[in-house]
**Q** 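Quick one: structure below, then a few questions.
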Amino acid sequence: MSRIKASSTVRIVIDAAPGADLHPGLDLANSRLAVPGQPPLDLLDSPAAAGRWLIDRGLAPADAVLHEVCAGRLRALRSQIRELFTAYVGEVAPPPEALAAVNAAMTRVPTAAELRWDASRGLHRATPHPTDQVVDRALGVLAADVADLLTSADASRLAACDSHPCVRFLLRSGRRQWCSIRCGDRARAARAYARRTQ
């Protein structure tokens, strides 16, 4: 299970939710956290943080530099993915704008590597990654992963963490309804407190 270092100013290490290591779209949905006793924590709160998030997951080259417009697009896709997950878990129809956002992200990316030539390599296939396409490619990969997740056998395991105030999603394993040991402990403590005070 991977671990998330929340930020350079807040020193919190949080285990990635179950399934986030398999589904980068789930990991993106969980990149905004509710930490008890603190303001919400956004792992994509700046262009530098969003760039690091993409680089750490192999979705952008190591030298990628994002601008605010790119970070904003990543945060906007995250919001739409969260809407889709919330609708799926709540067993309601997904918002049309969320479906449109995921489909737009998938179709904006070229699906085939171009045929290129240069003197040193000769004919070869390569996917272009100019600066303006780095984010398009990452968004396309994330959106395709979300589409795959929601139409696969794993979809039946998608759940919202059952510990208030957590806002993360997970792939359930057995009866587990929490995204982390910390959330499970908090939920059990809240139930025990409620039983004692009734």
**Q** Between Ala98 and Gln80, what is the shortest heavy-atom contact and its length?
**A** CA-OE1, 3.0 Å

**Q** So which heavy atom on Ala34 is nearest to which on Pro165, and how close?
**A** CB-O, 3.2 Å

**Q** Looking at Arg157 and Arg172, would you say the former's side chain and the latter's main chain have a donor-acceptor pair under 3.5 Å?
**A** yes

**Q** Of all the heavy-atom pairs spanning Arg168 and Ala17, show the shortest one and how long it is.
**A** NH1-N, 3.6 Å

**Q** So, the side chain of Ser163 versus the backbone of Cys166: is there a donor-acceptor pair under 3.5 Å, distance only?
**A** no

**Q** Apply side-chain contact (heavy atoms from CB on, under 4.5 Å) to the pair Leu43 and Arg52, showing each step before the final yes or no.
**A** CA-CA 9 Å; Leu43 303 179; Arg52 259 191 320 276; over 6 Å; no

**Q** Heavy atoms, side chains only, cut-off 4.5 Å: are Pro18 and Ser173 in contact?
**A** no

**Q** Does one hydrophobic cluster hold both Leu99 and Leu139, with members joined at side-chain heavy-atom distances below 4.5 Å?
**A** yes

**Q** Among Asp145, Leu171, Leu170, Leu142, which residue satisfies the side-chain contact (heavy atoms from CB on, under 4.5 Å) criterion with Leu26?
**A** Leu171

**Q** Less than 4.5 Å apart, side chain to side chain, heavy atoms only: is that true for Val102 and Leu77?
**A** yes

**Q** When you measure from the side chain of Arg57 to the backbone of Trp53, do you find a donor-acceptor pair of N or O atoms at a distance under 3.5 Å?
**A** yes

**Q** Between Ser152 and Asp154, do the side chains contain a donor N or O and an acceptor N or O under 3.5 Å apart?
**A** no

**Q** So, His164 side chain and Asp162 main chain: donor-acceptor pair closer than 3.5 Å or not?
**A** no

**Q** Taking NZ, NE, NH1 and NH2 as the nitrogens, is one of them in Asp45 or Arg75 under 4.0 Å from a carboxylate oxygen of the other?
**A** no

**Q** Which pairs count as ring pair (Phe, Tyr, Trp, His ring centres under 6.0 Å) when at least one residue sits in residues 14-34, sequence neighbours excluded?
**A** none

**Q** Work out which heavy atom in Arg137 is nearest to a heavy atom in Gly58; give both atom names and the distance.
**A** NH1-O, 4.5 Å

**Q** Got a second to check how far Leu22's CG is from Leu149's CG, nearest 0.5 Å?
**A** 9.5 Å

**Q** Do you know the tightest heavy-atom contact between Leu66 and Cys70?
**A** CG-CB, 3.9 Å

**Q** Identify the two heavy atoms, one from Leu33 and one from Asn30, that lie closest to each other, and give their separation to 0.1 Å.
**A** CD2-O, 3.3 Å

**Q** Do any side-chain atoms of residues 81-95 form donor-acceptor pairs under 3.5 angstrom with protein atoms, and if so which ones, sequence neighbours left out?
**A**
| unit_1 | atom_1 | unit_2 | atom_2 | d |
| --- | --- | --- | --- | --- |
| Arg82 | NH1 | Ala29 | O | 3.0 |
| Arg82 | NH1 | Val167 | O | 2.9 |
| Arg82 | NH2 | Val167 | O | 2.7 |
| Thr86 | OG1 | Arg82 | O | 2.8 |
| Tyr88 | OH | Ala155 | O | 3.4 |

**Q** How would you list, by chain and number, every residue that makes a side-chain contact (heavy atoms from CB on, under 4.5 Å) with Asp63, sequence neighbours excluded?
**A** Pro61

**Q** Under 3.5 Å, is there a donor-acceptor pair between the Arg78 and Ser31 side chains?
**A** yes

**Q** Just so I know, are the side chains of Asp21 and Asp27 near enough to count as touching, which here means a heavy-atom distance under 4.5 Å?
**A** no

